[in-house]
Each structure stands twice: as C-alpha cells, then as structure tokens.
Number of protein chains: 2
Amino acid sequence: MKKTRLSPEAVKAKQAFESMKTACSNCNLRELCLPIGLADDELKKLDQLVSTRKRLKRGDHLYRAGQAFESIFAVRSGFFKTDVLIEDGRDQVTGFQMPGELLGLDGISNELHTCNAIALEDSEVCAIPFSQLEGLSRQIHTLQNHFHKVMSREIVRDHGVMMLLGTMRAEERLAAFLLNLSHRFKARGYSPIEFNLRMSRDEIGSYLGLKLETVSRAFSRFQDEGLLSVHQRKVCLLDPDGLHQLISHQRC
Amino acid sequence: MKKTRLSPEAVKAKQAFESMKTACSNCNLRELCLPIGLADDELKKLDQLVSTRKRLKRGDHLYRAGQAFESIFAVRSGFFKTDVLIEDGRDQVTGFQMPGELLGLDGISNELHTCNAIALEDSEVCAIPFSQLEGLSRQIHTLQNHFHKVMSREIVRDHGVMMLLGTMRAEERLAAFLLNLSHRFKARGYSPIEFNLRMSRDEIGSYLGLKLETVSRAFSRFQDEGLLSVHQRKVCLLDPDGLHQLISHQRC
DNA sequence: TCCTGTGTTTGATCCACGTCAACGCTCCCA
DNA sequence: TGGGAGCGTTGACGTGGATCAAACACAGGA
C-alpha cells in the first residue's frame, strides 16, 4: 500500500467515506438483510456494531468448522457455500449464500462453528459481533424479532432441503434448486431467468444428494426438453413453469 | 367433572398444587428445557409466562401447517412428530420431539406454522406465548442467549439430517437414527439401550428418506448380525459400538 | 372364540442413480 | 503453439433401494 500524506480535512472526508461505505444505513441490501424495518435512529446503532468488513478471494475460508464463534456474517457481495465434513471423508454442502444472507447461525449453539464457509467468488462480508447483536436486540424490539425470524427462516429452509433430499428424484431436485436460485436472484434485482452458477456440478450434487454425473445428465435432459439452455455455468431458464410442474407433479 | 365443596384451606392447597404442577421451577426437565441456567428469581418470571398446559391424546394435532403462530411449546411428557405435506401428496417427517424439547420454532418466520405437530402418544405440553418470551428475554440475558442457542441447535440438527439424507445408505441412516434416540433417552434418565419406539416403520422411513420395507429389512439385518434385538416397537441395542462403526466406516 | 383392521415382515422383480471409464472443452502457462 | 489441469459430458454397466405382492402378528370388538 502507498502511504500518502493527507490534510486534516481530507482525512476526515476519507473517514466519513469509509464509515459510509460500511454502514447498514447506506447498504442497498438493507431491506434483505438484518436492518429490515428499523427506524433511522435504530439503524444508526446497528451501523456502529457492523463496522468490520472483510474481503475474501475466491476459495478463501470465511471460517472453519471447530473455530470459536464470535460473529455472524452478512454477505455484502459475492457468493458462498457452507459445508460439513465428517471424519470418514463424507462431506455435504449445506447451503449457498448470496448477498443479504447471513452466515454462521449454526455456531451460536456451542460457540463453535460447525461447518466451513467458503467464498465461491471474490466476496465481501460484514462481521456482526454476536454478543453485541444480542445486546442491541435487547434494546431494539424490531431487531430482536427480525433476528428471530431470520433464524426461524433458516430452520424452514432446512426443512425444505430435507423434503427435497427425502422425497424427490434427481430431476425434481435440480429443478427445485434452479427455481430457488432464480427467486433469490430476482429478489436481488438480477435476472431470474438468466444467471451464472457460481458452483461446480460436484458442489450442486453434494447439496442435492446426487453425484456430479447425475447433475450433468439432468441438465442435459432439461436442455433436450427445451426447459433451459446451459453452457458451462451459464444457465437460461426457457420454461420456468415447466420446471415448476416437474416438481409439483404426482409421481407417475 | 364432579363438583365438590372445599374448605378455603383446601382451595388454597389445591391452587398451590396446580401452580406447582405447571411451574418450570419444579419441572424435572428444567435442565433440558428453556430454563437452563436461570437464577431463582428469573425462573419465577418464566413460571408466570408458562402457565398454560395442554394435554393431547395419541394422534391429536398440537398445531397444523398454516395456523397462526402464537406460542412455542415445550414437551412435558409424551412424544411428538412434526411433518410437512406438500400439495402433490408428498410428505416428510421433519423431526421427533421428546420431553424437554421445543416445538414450533419454524412458525416464527412468517407467524404461521409451517408443519404439523402430532402426538405419537398421550402427551402434555407447556405453551409459551412467543411475544411474551421475547419480552422476557429482553430482560433476562441468560434466557435470551439460551433461546438463541436452542434455535441454533435446531439448525445444527437439521444439518445433521441433511448429511444423513444426502450421504448415507439405508443401514447407516437407521443406525444413526437409533443412536440419536439412544442419546436422547439417556439424557432423560431412561435406558439408552432398551426402549420403545413411539413411531411406526412408515414414520421412521419418512424421516430417513426410506420406504417402510427398507426400514424393516434394515432392522432384520441388524438383528441377524447381533447388533440389536427388535420385537415390534421394542428395541434393545446389543452392540451400540457396532452400530456406531457402521456409520463412521468408509464406504467399501 | 373368531373376525377384522392395522402394522410388520419377507420375497421377487425393477429401475433410478451410482460407478467406472473415456473423451471434450476452456483456460492457463511454458 | 502445445500440453496439462480442472471441469463437464456421455456411455456402459452394476446395485441399492423402490415397488408389488403375499403372508403374518397383534389388538380390539362382537
């Protein structure tokens, strides 16, 4: 880093800029993330808490299973996966996180992270010290309730994945996965029908309880049937309704 | 109900008895349930909140998917399952709950229950009005933190089930399930090696992502191999270590 | 006591997905 | 320009668990 001498005014301006950058109140994800529904003065208090940001390169670990839990993280930009490894070599991707989503909630239970969080592309996260978040949520009713809803939503999401893993066939699983991504991209202002997958076939397979070859075959099959087009990681959903029918249809 | 006239003393004694019955402070599950680690005066406040109890007969619904969410429930006695139904007829058991465990956490997210909770035997639960619980946990730091840990533990548990459904074979799943029950019975002072299953083969299968025939075959196989004995729903784990090895072993 | 319904076990067969293997595409660096 | 690494695709084949079907065990009621 180059060191340059700045005038006091410039320093002050720079500080303001830095703090503006990291503030929830100026984050365009605030309606997707923790600050939903907070009043201005409440947002300011949250700003003070969420002052630490962290940049990660593709492939970096945000945290690892077994590390002490201190903060939860909000994805500001980029894309993550979380996975669990067990001693005998089995592993499973437990989720993919995109901007506005929280990482690390599983660490609260034992004050240890129970999974690995890995950046799938260059990313940025806001660290939210958990004990301070508890403190603030004792003061701000709205924040407390919203945080509870976020945790509860994670439980509901997990039930959805259990349903997927327990009752669906390969193509149904992939269709459900793609539609889920589609909704989440849409909520973030991106195209719900055309997007780049940030994860490999192997990672998709691990998340869906399938082998990578099966994922690849399902993609090919969907393409043959005109449901989507796929080239490498670029996907275009040509017939989202068709994909949806695939899931909600009775088994034949 | 017979109506009998009681002396004032008797009325008072009866009231004390009733309130003693419903109090967390006298509940022998308090170290497994919400009140963990609370001081005496804090426990008293919690007692006031948890005043409603509910009895259910085997087969009764505690709540149904879609109903308004108002309270979470602590199992006081008995046994529950939760399951999710989707329109096309698919369903999946998402969990089995025993005394000291909480039900309804998934309802917080949208203020609607997202699954059905059904008593598998005659049971009793304590209803904990959620908004009051939030209020109290703003006052009692210990309660707040403990509640967060309980929710987080549920997320970790769900990840375990995802791992089970995503990576394990039928016999591994059943072994993991039985060992999990075993630990939870042990924590409640029951025998960890001999217990009655409260759920049918079909319900076990639904939870484990298997058909009932597969569950039945796995039981028979375990019995043939001397790992356990099973007659109807009565199970005796003869070789828990053997079951454990089955899970942690590499695939051949 | 038999009868009926519900849940469980067991056998025979089938098929979706896993496994193994070969090959293709892209990107990167020598 | 060539070559190698990392992913992704496709084919051939095997298998674990689903499906279908029959018989059995047990509980509750007449």
Side-chain angles (χ1 to χ4, degrees), chain A residues 58-59 81 89-93 118 120-121 164-175 177-178 196-225 228-235 246-247 249-252, chain B residues 57-59 81 89-93 118 120-121 164-178 196-225 228-235 246-247 249-252:
Chain A
R58 179 190 151 105
K81 71 167 177 181
R90 263 191 273 249
D91 74 326
Q92 166 113 6
V93 171
I118 298 155
L120 293 179
E121 58 183 30
L164 180 145
L165 292 171
T167 74
M168 291 188 182
R169 325 149 98 271
E171 293 188 4
E172 294 169 334
R173 294 183 200 190
L174 185 61
F177 173 69
L178 292 171
N196 279 301
L197 299 172
R198 281 21 181 232
M199 66 296 282
S200 68
R201 301 287 187 267
D202 194 32
E203 286 163 335
I204 297 174
S206 172
Y207 181 62
L208 299 179
L210 301 169
K211 292 291 152 184
L212 65 94
E213 294 94 331
T214 307
V215 174
S216 178
R217 276 185 245 271
F219 267 122
S220 302
R221 189 112 193 278
F222 286 166
Q223 186 159 246
D224 292 347
E225 289 167 356
L228 52 74
S229 75
V230 53
H231 298 291
Q232 300 292 117
R233 298 192 178 180
K234 170 100 172 228
V235 174
L246 227 146
I247 302 167
H249 246 18
Q250 305 274 27
R251 285 195 205 195
C252 35
Chain B
K57 305 288 287 179
R58 177 190 153 107
K81 71 168 178 181
R90 262 190 274 249
D91 74 326
Q92 166 113 7
V93 172
I118 299 154
L120 294 178
E121 57 182 30
L164 180 145
L165 292 171
T167 74
M168 291 188 181
R169 323 151 99 266
E171 293 186 6
E172 293 170 334
R173 295 184 199 189
L174 185 61
F177 173 69
L178 292 172
N196 279 302
L197 299 171
R198 290 359 190 247
M199 67 295 282
S200 69
R201 301 288 187 267
D202 195 32
E203 286 162 335
I204 297 173
S206 173
Y207 182 63
L208 299 179
L210 302 169
K211 292 291 151 185
L212 68 95
E213 294 94 330
T214 307
V215 174
S216 177
R217 275 185 245 271
F219 267 122
S220 302
R221 189 111 193 278
F222 286 166
Q223 186 160 245
D224 293 347
E225 287 166 356
L228 52 73
S229 75
V230 52
H231 298 290
Q232 300 292 114
R233 298 193 176 180
K234 169 99 173 230
V235 173
L246 227 146
I247 301 168
H249 246 16
Q250 306 276 25
R251 288 203 201 184
C252 36

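From a predicted model like this one, the values you see are computed outputs, not experimental measurements. Below, chains carry the letters A, B, ... as their sequence lines are ordered, and counting in each starts from 1.
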In terms of heavy-atom contacts, B:Lys81 and B:Glu203 come closest through NZ-OE2, 3.0 Å
Tell me whether the side-chain N/O atoms of B:Ser220 come closer than 4.0 Å to OP1 or OP2 in C:dT10. yes
Euclidean distance, atom CG of residue A:Leu165 to atom P of C:dC17 [Å, nearest integer]: 13 Å
Using a 4.0 Å cut-off on heavy atoms, which residues in residues 196-209 of chain A reach DNA chain C? List them by number, or say none. A:Gly209
Look at the side-chain N and O atoms of B:Ser216 and state whether any lies under 4.0 Å from the OP1 or OP2 oxygen of C:dT9. yes
Roughly, in whole Å, what's the span from CZ in A:Arg169 to C1' in C:dA16? 7 Å
Quick one: list whatever passes side-chain contact (heavy atoms from CB on, under 4.5 Å) with A:Ser229, sequence neighbours left out. A:Gln223, A:Cys236, A:Leu238
Reckon B:Arg233 touches a base, only the sugar-phosphate, or nothing at all at heavy-atom distances under 4.0 Å? sugar-phosphate
Whole Å only: how far is the CG atom of B:Leu174 from the P atom of C:dT8? 13 Å
Check the pair A:Arg201, A:Phe219 against side-chain contact (heavy atoms from CB on, under 4.5 Å), reporting the backbone distance first and the verdict last. CA-CA 10 Å; A:Arg201 301 287 187 267; A:Phe219 267 122; 3.7 Å; yes
Touch check for A:Leu212, heavy atoms < 4.0 angstrom, all strands: base, sugar-phosphate only, or nothing? base
Set of side-chain contact (heavy atoms from CB on, under 4.5 Å) partners for A:Thr214, sequence neighbours left out: A:Ala170, A:Leu210, A:Lys211
Contacts of type side-chain contact (heavy atoms from CB on, under 4.5 Å), residue B:Gln232, not counting sequence neighbours: none
Which residues pass the salt bridge (Lys or Arg N to Asp or Glu O under 4.0 Å) test with A:Glu213, sequence neighbours left out? none
Taking only residues two or more places apart in sequence or in another chain, which ones pass ring pair (Phe, Tyr, Trp, His ring centres under 6.0 Å) with B:Phe222? none
Check the distance between C:dG7's P and B:Phe219's CZ and give it to me in whole angstrom. 16 Å
All side-chain contact (heavy atoms from CB on, under 4.5 Å) counterparts of B:Arg233, not counting sequence neighbours: B:Leu197, B:Ser200
Residues which pass side-chain hydrogen bond (donor to acceptor under 3.5 Å, both in side chains) with B:Arg221, listed by chain and number, not counting sequence neighbours: B:Glu171
Which atoms of nucleotides 20-28 of chain C (N or O only) lie under 3.5 Å from a protein N or O atom, and what are those distances?
{"from": "C:dC20", "atom 1": "N4", "to": "A:Glu213", "atom 2": "OE2", "distance (Å)": "3.3"}

